[in-house]
Amino acid sequence: MAGGIIVQKYGGSSVADLERLGRVADKILETKREGHRVVVVVSAMGKTTDGLLAQARQVDPEPPRRELDMLVSTGERVSMALLSIAIQKRGAEAISFTGSQAGIITTDRHFDARIVAVRPHRVIEELEKGKVVIVAGYQGVSEAKEVTTLGRGGSDTTAVALAAALDAERCEIYSDVDGVYTADPRVVPDAAHIPVLDYETLQTMAENGAKVLNAQAVEWAKRAGIEIHARHTGQRYEGGQPAEDSRQSVVRALEPNERRAAAVSGEKGLVLLSLQGTSALGVLGDACAAAEVSPRELVVDPRGGVTALFSLLNAPDWARSERVLRERLPEATLRSALAGATAVGDGLTGVAGPLAPARLAALVGDAPVHGAIVGPLRATLLVDEERVDGLVRAMHAAVVAR
Ligand code: ADP
Ligand code: ASP
Ligand code: MG
């Protein structure tokens, strides 16, 4: 009988050129030789998506979202076809599918669509024939048959959603890091590797800028109980385990005796809008609808004023949205180029915690703080973009490296 299904996702850096793509083909065939049925999800090669977006902006600084989806979805299509060719050249059978062909059904929100259903009939058919099935990440199709994309980093979501729909043994995410760290190792050199972490922690990190995994992907994994193994493409793994000189992070539900890891992340490209007045919430709501944006966070103060936080990550047409917001809300103040430094973990802001209110002032030093958001599992401080890396390092020292 054929072995269990493994979904492997290879990110942009793993398939950045033909040589690396060839190494990925070899890796996939090794997994197949171990007796597994393999579904592969690929991202666009290297920085292709950024390049395509820059081209669109040269034509029009406020490009229509629908056409952006038509454009950027080509990136993953190139990778899937080249990888399938590489595998077939090695003598094995493979077939590539677009997101639509693989049955990834989404909402109709262009550039930031959510997966609503996965109908992988064709994937299953081809797996049963013994083929390696390669699926273009980051894209789907709406009920109206429009091509959509899933938001930046969305290939992770394709992989986990497929793993759930196929009842896969696990979902392996290959990138240029050997797992999840207590902070982005590019920003915090002494960040520590986390061998096992729970879904909530990683989802909160991802929602606040840790791009090692996409937040939606982690949410799917949590809902479906899919284990994620985050790995380095260049390292060796055998029989589901890291080889001697390699490691990985496993994302799964923790046992009662396992403790949650603490971590810190940073996110640039935030905008804060404040509006005074008793009916500010209603006025803001109408303006957001006209500008086709929704705030990430929203606070209403006792006098009825509102403060809203927006993220530019999946707003390629923010210039247009901002123009509409300013037209509709001439009284509002908008503060751009903000960033959030977020600490994630249990009990951080408690009286005895490392981010207790009494300790926060010392932590931020002379950096002006534009806002703070505190929840049961996280604390975010909003600062100017150029301050965020320093604050992330200070938070890491206070929260993780203590
Ligand atoms: P891919 O293109 O393969 O999807 P990404 O660039 O999206 O890879 O994600 C990997 C990057 O995430 C790493 O290079 C690293 O700089 C960054 N990163 C941010 N936060 C973390 C973290 N906490 N742990 C590990 N990597 C992180
Ligand atoms: N290529 C897309 C991006 O750059 C999706 C992904 O890499 O996951 O965001
Ligand atoms: Mg990514």
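FYI, side chains are in, hydrogens and waters are out, and symmetry mates aren't considered; it's all heavy atoms of this structure. A quick note: this is a predicted structure, and the numbers were derived from the prediction, not measured.
- Atom CD of residue E219 and atom CD of residue Q203 lie 5.0 Å apart, to the nearest 0.5 angstrom.
- Of the possible polar contacts, none joining the S84 side chain to the A81 backbone as a donor-acceptor pair under 3.5 Å is found.
- For the residue pair L363 and L391, the shortest heavy atom distance occurs at O-CD1, 4.1 Å.
- For D176, the salt bridge (Lys or Arg N to Asp or Glu O under 4.0 Å) partners are R186, not counting sequence neighbours.
- Annotation: side-chain contact (heavy atoms from CB on, under 4.5 Å) contacts of E93 (sequence neighbours excluded): K131.
- Taking a cutoff of 4.0 Å between a charged side-chain nitrogen and a carboxylate oxygen, R114 and D112 qualify as a salt bridge.
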TODO: Would you check, one step at a time, whether the test side-chain contact (heavy atoms from CB on, under 4.5 Å) holds for K32 with I28?
DONE: CA-CA 6 Å; K32 196 156 190 305; I28 292 165; 5.7 Å; no
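- Note that the OG1 atom of T158 and the CG atom of L150 stand 5.0 Å from one another [nearest 0.5 Å].
- H232 and S246 form no side-chain donor-acceptor contact under 3.5 Å, judged by distance and modelled atom types alone.
- Within 6.0 Å of NZ in K145 there are 12 or fewer heavy atoms belonging to other residues, nucleotides or ligands.
- For residues 187-196, the set of pairs meeting the salt bridge (Lys or Arg N to Asp or Glu O under 4.0 Å) definition, not counting sequence neighbours, is empty.
- In this structure, the side-chain contact (heavy atoms from CB on, under 4.5 Å) partners of S43, at least two apart in sequence or on a different chain, are K9, E76, S155.
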Contacts table for residues 341-350: side-chain donor-acceptor under 3.5 angstrom, sequence neighbours left out:
unit_1 : atom_1 : unit_2 : atom_2 : d
T342   : OG1    : T380   : OG1    : 2.9
D346   : OD1    : R260   : NH1    : 3.1

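- The minimum heavy-atom distance between L21 and A86, with the atom names listed, is CD2-CB, 4.3 Å.
- Checking E200 against T204 by side-chain atom types alone, no donor-acceptor pair falls below 3.5 Å.
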- [ ] Show the numbers, then the answer: is there a side-chain contact (heavy atoms from CB on, under 4.5 Å) between M80 and V15?
- [x] CA-CA 10 Å; M80 77 179 196; V15 292; over 6 Å; no
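- For residues 292-345, the set of pairs meeting the ring-ring contact (aromatic ring centres under 6.0 Å, His included) definition, not counting sequence neighbours, comprises F310-W318.
- In this structure, a donor-acceptor pair under 3.5 Å is present between the side chains of D69 and T149.
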Kindly list each side-chain donor-acceptor pair under 3.5 angstrom involving residues 134-141, sequence neighbours excluded, with atom names and distances?
unit_1 : atom_1 : unit_2 : atom_2 : d
Q139   : OE1    : G99    : N      : 3.3
Q139   : NE2    : S73    : O      : 3.1

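- Within the cation-pi definition used here (under 6.0 Å to the ring centroid, within 45° of the axis), R231 qualifies as a partner of Y237.
- Considering all non-hydrogen atoms of both residues, A102 and L162 come closest at O-CD2, 4.5 Å.
- For R90, the CZ atom counts as densely surrounded, since its 6.0 Å shell holds more than 12 non-hydrogen atoms of other residues, nucleotides or ligands.
- Scanning all heavy atoms of the two residues, the minimum distance from A25 to I87 falls at CB-CG1, 3.9 Å.
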Ignoring hydrogens and angles, write down the donor-acceptor pairs under 3.5 Å from the side chains of residues 56-63, residues two or more places apart or on other chains.
unit_1 : atom_1 : unit_2 : atom_2 : d
D60    : OD1    : E62    : N      : 2.8
E62    : OE1    : R323   : NH2    : 2.6
E62    : OE2    : R323   : NH2    : 3.3

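- Put simply, the side chain of H193 gets close to the backbone of D178: a donor and an acceptor are under 3.5 Å apart.
- By the salt bridge (Lys or Arg N to Asp or Glu O under 4.0 Å) test, D317 pairs with R65, sequence neighbours left out.
- Looking at V374, V399, L381 one by one, the single match for side chain to side chain contact (heavy atoms under 4.5 Å, CB included) with L355 turns out to be V399.
- Among pairs with a residue in residues 10-19, those fulfilling side-chain hydrogen bond (donor to acceptor under 3.5 Å, both in side chains) read Q8-Y10, S14-T233, D17-R20, E19-R23, at least two apart in sequence or across chains.
- Listed by chain and residue number, A356 satisfy the side-chain contact (heavy atoms from CB on, under 4.5 Å) test with R359 (two or more places apart in sequence, or in another chain).
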- [ ] Walk me through it: do E34 and I6 pass the test side-chain contact (heavy atoms from CB on, under 4.5 Å)?
- [x] CA-CA 11 Å; E34 284 177 3; I6 306 266; over 6 Å; no
Which atom pairs, donor and acceptor, lie under 3.5 Å between side-chain atoms of residues 262-277 and protein residues at least two apart or in another chain?
unit_1 : atom_1 : unit_2 : atom_2 : d
S265   : OG     : N208   : O      : 3.1
E267   : OE1    : R296   : NH1    : 3.3
E267   : OE1    : R296   : NH2    : 3.2
E267   : OE2    : R296   : NH2    : 2.7

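- Taking a cutoff of 4.0 Å between a charged side-chain nitrogen and a carboxylate oxygen, R252 and E258 qualify as a salt bridge.
- Using a cutoff of 4.0 Å between basic side-chain nitrogens and carboxylate oxygens, E126 and K129 are scored as salt-bridged.
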